[in-house]
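These notes are about the structure you will find just below.
All residue numbers in this chain count up from 1 along the given sequence.
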Amino acid sequence: MKQKDTAIKCNVKQYRQTKGWSQQQLADMINVRRQAIYDIENERYMPNTAIALRLAKLFGCRVEDLFTEEEQENLQEVHIVNGEKTPNSRLALGKVRDRLIGVPLRGERSTSFGLLPADGILDRQGEKAKVFSAQQTDKTIIIMGCDPAFELLSHHVSRVSPQSRVHCLFASSDKALSNLSEGITHIAGTHFHNSDEKESNVEIASKKLGKMKSHIIGFSLLEEGLMVAKNNPLGIRNVNDLAQPMVRFVNRDQGAALRTLLDDLLVREGIKDSDINGYYNEVTSHREGAYHIACRVADAALGLRIIADIYGLDFVPLTSVRCDLVIPDDMMNHPTVQVLTDILQSAALMNEINAIPGYESSATGRVIAAL
């Protein structure tokens, strides 16, 4: 039987970052040059047995935890529906007889079609739920936040562990943390903007959660800004242009991280709330703002590049922000949370995140803080 081609994946960087060490600190501890650590982490250099053993002893793990064998990419000929051969596009794949068919997940095809299946039905009194499968419910977790890529994380978890499920519910960063503190969700997604040297995700989570011990793990870097009509007919380039009388704007709701970002930018530019036509017209999600523009009842709204892409809109970038996952320590032993934290370290997830317009995975799986 022909063996599959394999490659060695290096996990040293993740172990080092978990410890909070710099490359120089790690190099000093095992008596090598910093360049050697850089080359090891970037898989340019495979260390000898002695260095590998030193690293494993230092991290308190096995050598095979630091250097894992992975199958190389499985490349197959594919027929692309509608001939949309855009490089690096994410695809939904299926085989029709002997031909692999690929559907590009762009625009409206990147969102779900149809109804979501239920796990139970509320009784006539509206007090109790008829649960279809208690065993399945025990292996289901809830993430609240407003990063659309949480759905991708959910699918990656299901691929690796079919019995595990992740329900993703939309909530502002502020609301997600409130629900986490009240025990309504397993994990909260946050993407507050740093206004100084402090990490806002860490600072706000610490205040919201009080004495609840938690870990904050990086999920994605995503591009935020102004969604505008296709071809940007009003020539909107920055927040200053929102003050033009002809621009109809829709704002995010109070507590939304993007609303806070806008307010900070307006103060910096000396623009008053009342100068913007529609500042007090609020929507509660990125999609709702995009829908207003698509229906031509607004000219600009706060949102993400990926949402603008889905609705066929143009996008004016304002900033990039890191979205983190806040996980209480008592949830870390949940079997599905364990699968999820492993998935955050996987190349498969990182590669897909990098393929989303306006996304980047350099922070994915990195431990940001322990509260």
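- When atom types are taken as modelled, the side chain of Thr68 and the backbone of Asp65 share no donor-acceptor pair closer than 3.5 angstrom.
- At a threshold of 4.0 Å, the pair Asp330-Lys213 does not count as salt-bridged, since none of the basic side-chain nitrogens sits closer than that to a carboxylate oxygen.
- You'll find the ring centres of Phe59 and Trp21 inside the 6.0 Å limit.
- Proximity of His186 to Met144: side-chain heavy atoms (C-beta onward) are nowhere separated by under 4.5 Å.
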May I have the step-by-step check of side chain to side chain donor-acceptor pair (under 3.5 Å) for Gln24 and Arg34, ending in yes or no?
CA-CA 5 Å; Gln24 186 62 61; Arg34 190 200 66 81; 4.6 Å; no

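- Checked by atom type and distance alone, the side chain of Asn48 pairs as donor or acceptor with a backbone atom of Ile51 at under 3.5 Å.
- When all heavy atoms of Ala52 and Pro47 are compared, the closest pair comes out as N-CB, 4.4 Å.
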List the steps, then state whether side chain to side chain contact (heavy atoms under 4.5 Å, CB included) holds for Glu352 with His156.
CA-CA 10 Å; Glu352 185 160 11; His156 279 263; 2.7 Å; yes

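- Looking at Val160 and Ile343, their side chains come closer than 4.5 Å, going by heavy atoms from C-beta outward.
- No side-chain donor-acceptor contact under 3.5 Å links Ser206 to the backbone of Val202.
- Looking only at distances, no side-chain donor or acceptor of Ser164 sits under 3.5 Å from a matching main-chain atom of Ser158.
- In plain terms, the two heavy atoms of Thr336 and Val157 that are nearest each other are CG2-CG1, 4.2 Å.
- If you run side chain to side chain donor-acceptor pair (under 3.5 Å) between Ser220 and each of Asp324, Asn354, Asp147, only Asp147 comes through.
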Does the pair Leu258 and Glu224 meet the rule for a side chain to side chain contact (heavy atoms under 4.5 Å, CB included), with working shown?
CA-CA 8 Å; Leu258 265 172; Glu224 298 179 315; 3.8 Å; yes

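- Of all heavy-atom pairs between Met227 and Ala290, the closest is CE-N, 3.6 Å.
- A heavy-atom distance below 4.5 Å is found between the side chains of Leu304 and Pro148.
- Considering only heavy atoms from C-beta on, Leu169 stays 4.5 Å or farther from Thr185 through its side chain.
- Partner Leu266 forms a side-chain contact (heavy atoms from CB on, under 4.5 Å) with one of Asp275, Asn240, Ile271 and no other, that one being Ile271.
- With hydrophobic clusters built from ILVMFWY side chains whose heavy atoms lie under 4.5 angstrom apart, Val321 does not share a cluster with Val326.
- The line from OG1 of Thr190 to CG of Leu325 is 8.0 Å long, rounded to the nearest 0.5 Å.
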Under the side chain to side chain donor-acceptor pair (under 3.5 Å) criterion, do Asp39 and Gln35 qualify, and how do the steps go?
CA-CA 6 Å; Asp39 289 339; Gln35 184 65 40; 3.0 Å; yes

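- Cluster annotation: Leu222 is connected to Leu313 through the hydrophobic network of ILVMFWY side chains, with a link wherever side-chain heavy atoms come within less than 4.5 Å.
- Remark: Ile30 CD1 to Ile40 CD1 distance equals 5.5 Å, nearest 0.5 Å.
- Atom CD of Glu288 is separated from atom CZ of Phe170 by 9.0 Å, given to the nearest 0.5 angstrom.
- His286 and His191 have tilted rings, their planes meeting at an angle from 30° to 60° on a 0 to 90° scale.
- Residues Ser172 and Arg252 share a closest heavy-atom pair of CB-NH2, 4.4 Å.
- Leu234 and Phe315 fall into different hydrophobic clusters, where Ile, Leu, Val, Met, Phe, Trp and Tyr are joined by side-chain heavy atoms under 4.5 Å apart, directly or via other members.
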Worked check of side chain to side chain donor-acceptor pair (under 3.5 Å) between His215 and Asp329:
CA-CA 7 Å; His215 274 71; Asp329 286 359; 2.8 Å; yes

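- Within the 4.5 Å cutoff, no side-chain heavy atoms of Val228 are placed close to those of Ile293.
- Cluster annotation: Leu302 is not connected to Val297 through the hydrophobic network of ILVMFWY side chains, with a link wherever side-chain heavy atoms come within less than 4.5 Å.
- Crowding of Tyr291 atom OH: a count of heavy atoms from other residues, nucleotides or ligands under 6.0 Å not exceeding 12.
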Worked verdict on Asn281 versus Asn251 for side chain to side chain contact (heavy atoms under 4.5 Å, CB included)
CA-CA 6 Å; Asn281 294 335; Asn251 206 350; over 6 Å; no

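- The hydrophobic clustering, which links ILVMFWY residues whose side-chain heavy atoms are closer than 4.5 Å, places Leu261 and Leu221 apart.
- In summary, the side chains of Glu360 and Ser362 do present a donor paired with an acceptor at a separation below 3.5 Å, with no hydrogens or angles considered.
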Criterion side chain to side chain contact (heavy atoms under 4.5 Å, CB included) on Lys9 and Glu43, from CA distance to verdict
CA-CA 7 Å; Lys9 179 179 183 296; Glu43 300 178 359; 3.8 Å; yes

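- A heavy-atom distance below 4.5 Å is not found between the side chains of Ile368 and Phe219.
- Few gaps surround CZ on Arg159; more than 12 heavy atoms of other groups in view lie less than 6.0 Å from it.
- For Tyr45 and Tyr38, the ring centers are positioned 6.0 Å apart or more.
- Gln345 contributes atom CD, which lies 9.5 Å from atom OG1 of Thr364 (distance to the nearest 0.5 angstrom).
- Relative to the six-membered ring of Tyr279, Arg259 meets both conditions, a distance below 6.0 Å and an angle of at most 45° to the axis.
- Between Lys13 and Arg16, the closest side-chain pair of non-hydrogen atoms falls below 4.5 Å.
- Rounding to the nearest 0.5 angstrom, the gap separating the CG atom in Leu226 from the CG atom in Asp314 is 12.0 Å.
- Heavy atoms of other residues, nucleotides or ligands lying less than 6.0 angstrom from CG of Asn31 number 12 at most.
- Closest of all the heavy-atom pairs between Ala56 and Leu66 is N-CD1, 3.5 Å.
- Here the OG-CD1 distance, from Ser154 to Ile142, works out to 12.0 Å after rounding to the nearest 0.5 Å.
- Taking 4.5 Å as the limit, every side-chain heavy atom of Asp299 sits out of range of all side-chain heavy atoms of Met246.
- The heavy-atom pair separating Met212 from Pro328 by the smallest distance is SD-CG, 3.8 Å.
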